[in-house]
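Okay, structure first, notes after.
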Amino acid sequence: LASSTLGGRSDTAFVDLQSLDYKRILDRRGDLRLSFPELRPIVAKTAAIAQRLLDEEVRVIYDLCFMKPSAENHSKATGWHQDLPYVPIDRRGLLTIWIALIDVLPESGALQFLPGSHRLGPLGRLDLREDIRLTDLLRADDYAFVSNPVTVSLRAGEATVHDGLTLHGSHPNATSVQRLSWALRFIPANTRWLGGPLAIDGLEETGMRPFDTFDDSRFLVPA
Ligand SMILES: O=C(O)CCC(=O)C(=O)O
């Protein structure tokens, strides 16, 4: 999840998101809300939900359209991971609202979550391309905090919400239709950037410096 933008240099911090093996998991378009003003009401509505859940004012750190290829295009599973380890911020509270843009069923690449895994703390930057089994990932004492994985089917327009520490992934898409979703990531308004790469380009345009808060207009929730 981590293509970087730092000091005017845009490169890839962890995996090459343009590589074929990554595009078989997910192809992505970043920050659609900045190009399509018609999305503003959805940003405002989802931000209100995030604000209610976090119980504090929020910023939109970025949004991503996730396109999971069809079976014909060799769709692969998204490996188990947490989002927060890829987002260099100084606190907890990263929250994703993931909206299905078409019906998403287990066979078309529905998200799966490990309930309770937010209590395990950060587990590091897991490689989304790897088919990591939960039994390899979890220590014996972790099982006291988690329950069995759940797969969440959604109708187009429905959404799920997950914490930045909730382990999640998705099944391969076994259908002939590309799976489409739009994810908005929110942070508490007083969050500070630690200076590492973010998942979208254009951060250098904001003039942000490490330890700044996210006050550029691109991060503000539209009225
Ligand atoms: O869409 C997917 O398959 C994974 C999405 C994801 O990892 C996320 O929204 O954090």
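Note that these values count all heavy atoms, side chains included, but never hydrogens, waters or copies made by symmetry. We count ligands from 1, going down the list as the structure has it; atoms in each ligand are counted the same way. Everything numeric in this text was worked out from a predicted model, so none of it was measured.
Polar contact check, Thr96 against ligand 1: no nitrogen or oxygen pair lies under 3.5 Å apart. Considering backbone and side-chain atoms together, Ser181 places no N or O closer than 3.5 Å to any N or O of ligand 1.
Using the six-membered ring where Trp is involved, His162 and Phe113 have ring planes that are tilted, between 30° and 60° apart.
Contact atoms of ligand 1 toward Arg185: 8 (C), 9 (O), 10 (O) (distance under 4.0 Å to a heavy atom of the residue). Every atom of ligand 1 is numbered from 1 in the order shown, and the set under 4.0 Å from a heavy atom of Trp98 is 1 (O), 5 (C), 9 (O). Within ligand 1, counting atoms from 1 as listed, the ones closer than 4.0 Å to a heavy atom of Ser170 are 2 (C), 3 (O). Remark: ligand 1 atoms within the under-4.0 Å shell around heavy atoms of Asp83 are 10 (O).
Of the heavy atoms in Arg179, only side-chain atoms (C-beta onward) come closer than 4.0 Å to ligand 1. Here Ile25 has no heavy atoms under 4.0 Å from ligand 1, in either its backbone or its side chain. Under 4.0 angstrom from ligand 1, there are no non-hydrogen atoms of Leu64.
Using modelled atom types and a 3.5 Å distance limit, the side chains of Ser108 and Lys68 yield no donor-acceptor pair.
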Going by atom type alone, with no hydrogens or angles, which donor-acceptor pairs under 3.5 Å involve a side-chain atom of residues 174-184 and a protein atom two or more places apart or on another chain?
residue: Thr175; atom: OG1; partner: Asn173; partner atom: OD1; Å: 2.8
residue: Thr175; atom: OG1; partner: Val177; partner atom: N; Å: 3.3
residue: Thr175; atom: OG1; partner: Val177; partner atom: O; Å: 3.2
residue: Arg179; atom: NH1; partner: Gly109; partner atom: O; Å: 2.8
residue: Trp182; atom: NE1; partner: Asp63; partner atom: OD1; Å: 2.9

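Electrostatic pairing of Arg125 and Asp127 does not count as a salt bridge here, judged by no charged N lying under 4.0 Å from a carboxylate O. Ion pairing between a basic and an acidic side chain is recognised when a charged N comes within 4.0 Å of a carboxylate O; Asp212 and Arg192 show no such pairing.
Hydrophobic cluster membership for Leu34: none, as no Ile, Leu, Val, Met, Phe, Trp or Tyr side chain comes under 4.5 Å of it.
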